Amino acid sequence: MSNDEHSAPYNGPEKAAAAETPKRIRTHHLQRFKNDGQKFSMLTAYDAMMANVFDEAGIEVLLVGDSAANVMQGSSSTLSITVNELLVYAKSVVNGVSRSLVVADLPFGSYQVSPEQAVGTAVRFMKEAGVHAVKMEAHAATVPHVKAVVEAGIPVMAHIGFTPQSEHQLGGFRVQGRGEHAKKVIDDALALESAGAFCVLVEMIPAELTADLEAALQVPTIGIGAGDAATGQVLVWQDMLGLNNGRLPRFVKQYADLRGTITDAVQSFRRDVIDGKFPGQEHSFRAE
Ligand code: KIV
């Protein structure tokens, strides 16, 4: 690997690993993390500024999730978002990063019809948004679709377990892979790995099953509501930073209260405007 692929430390506590720190995260680095027993982090992102904050904070992977339907557009499910809408968010995120690997979801209905349709949609995300990989909610029947996209030269993250685009078929937001259903999750994951997926994202499955998957698969797993055995962990940023005032799933840990911070700030602004304290002299222009 060229020197260009490695950089100086990007933050304090990780100094020891600095020599190993890639300048730009690529899919093979995620594999190396797994091989070295090192964990990595992934957050959703939908706009350039937040993406830039997360990139500079060292988040290894940014996901332009179809959760944009929920958190950016206020929908109650992810099914409604279109390719054209998600492409705008994806392009914005790509514009905001210099280091993170950017992965975009393929929206519901844009890849399930045929392997050809999947390749066509994935190509649009690579060409028009400039993302580095795509994510597809997948199972046994869509293995050929994943294979076709990989064969077109596009890295695929396969998403199994609870797959929100199938929420109506799955009977709502429910933990998957319990008891006798565990085998199907493992079989699906192995088939998707054989199809060329560079990693497998597992959502809302028992922690023990994630441990079994990490052991069974060569490629890394990324967990959300799937316990601590996965190589990577992902959360929706509005949940983990406390912007979302809805009911949070059990698997979310809230690291900040952005809603409280923003509310305090905008109320201060409003009070200053009403009291005539803003703008001050220092915020005003003079004729001379
Ligand atoms: O769209 C999304 O944000 C996702 C995560 C929940 C993994 O798929």
Side-chain angles (χ1 to χ4, degrees), residues 30 39-47 50-51 54 59-83 85-90 92-93 100-112 121-122 125 129 131-139 142 146 155-167 170 172-177 185 188-189 192 197-205 210 213 220-227 230-241 243-244 246-254:
L30 306 189
K39 304 270 189 181
F40 65 85
S41 59
M42 169 159 132
L43 280 178
T44 61
Y46 315 95
D47 71 316
M50 288 308 286
F54 301 154
I59 300 295
E60 285 82 4
V61 188
L62 297 186
L63 171 66
V64 190
D66 58 1
S67 52
N70 311 120
V71 294
M72 302 301 287
Q73 302 182 338
S75 293
S76 59
S77 97
T78 60
L79 300 181
S80 57
I81 200 157
T82 66
V83 169
E85 288 169 340
L86 204 60
L87 276 169
V88 174
Y89 298 121
S92 308
V93 169
S100 306
L101 181 84
V102 180
V103 182
D105 255 328
L106 298 193
F108 176 63
S110 72
Y111 62 98
Q112 290 92 344
T121 306
F125 276 90
V131 302
H132 311 129
V134 298
K135 175 163 84 60
M136 294 164 68
E137 295 186 10
H139 52 94
T142 43
V146 168
V156 175
M157 178 182 286
H159 181 161
I160 60 169
F162 176 71
T163 44
Q165 292 177 10
S166 309
E167 68 162 279
L170 297 174
F173 285 70
R174 305 166 69 175
V175 175
Q176 303 293 309
V185 175
D188 283 355
L192 291 160
F198 72 90
C199 82
V200 176
L201 186 149
V202 286
E203 179 163 356
M204 281 174 65
I205 63 168
T210 307
L213 279 170
T221 61
I222 301 178
I224 177 162
T231 305
Q233 292 289 334
V234 57
L235 287 174
V236 172
W237 81 255
Q238 287 86 347
D239 294 343
M240 61 83 69
L241 291 179
L243 193 60
N244 185 350
R247 205 174 131 255
L248 292 179
R250 166 195 168 118
F251 56 75
V252 173
K253 179 170 174 185
Q254 201 179 305

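When a ligand or atom number is given, it counts from 1 through the structure's own listing order. Keep in mind that this is a model prediction, so the values were computed, not measured.
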(Q) Ring-plane angle category for Y89 and Y46, please: parallel below 30°, perpendicular beyond 60°, tilted otherwise. (A) perpendicular
Q: Write down the atom of L79, the atom of P164, and the distance for their closest heavy-atom approach.
A: CD2-O, 4.4 Å
(Q) Suppose we screen for side chain to side chain donor-acceptor pair (under 3.5 Å). Which residues come up paired with S166, at least two apart in sequence or across chains? (A) none
Q | Least distance between heavy atoms, G65 atom then D105 atom | A | CA-OD2, 3.2 Å
Q: Report the residues that fulfil salt bridge (charged side-chain N to carboxylate O under 4.0 Å, His left out) with D239, sequence neighbours left out, ordered by chain and then residue number.
A: none
Run through all N or O atoms in ligand 1 and write down each protein N or O closer than 3.5 Å, as a pair with its distance.
residue: ligand 1; atom: 1 (O); partner: D66; partner atom: N; Å: 3.2
residue: ligand 1; atom: 1 (O); partner: D66; partner atom: OD1; Å: 3.0
residue: ligand 1; atom: 1 (O); partner: S67; partner atom: N; Å: 3.1
residue: ligand 1; atom: 1 (O); partner: S67; partner atom: OG; Å: 3.2
residue: ligand 1; atom: 1 (O); partner: D105; partner atom: OD2; Å: 3.1
residue: ligand 1; atom: 3 (O); partner: S67; partner atom: OG; Å: 2.5
residue: ligand 1; atom: 8 (O); partner: K135; partner atom: NZ; Å: 2.9

Q | Results of side chain to side chain donor-acceptor pair (under 3.5 Å) for T221 - residues two or more places apart only | A | E214
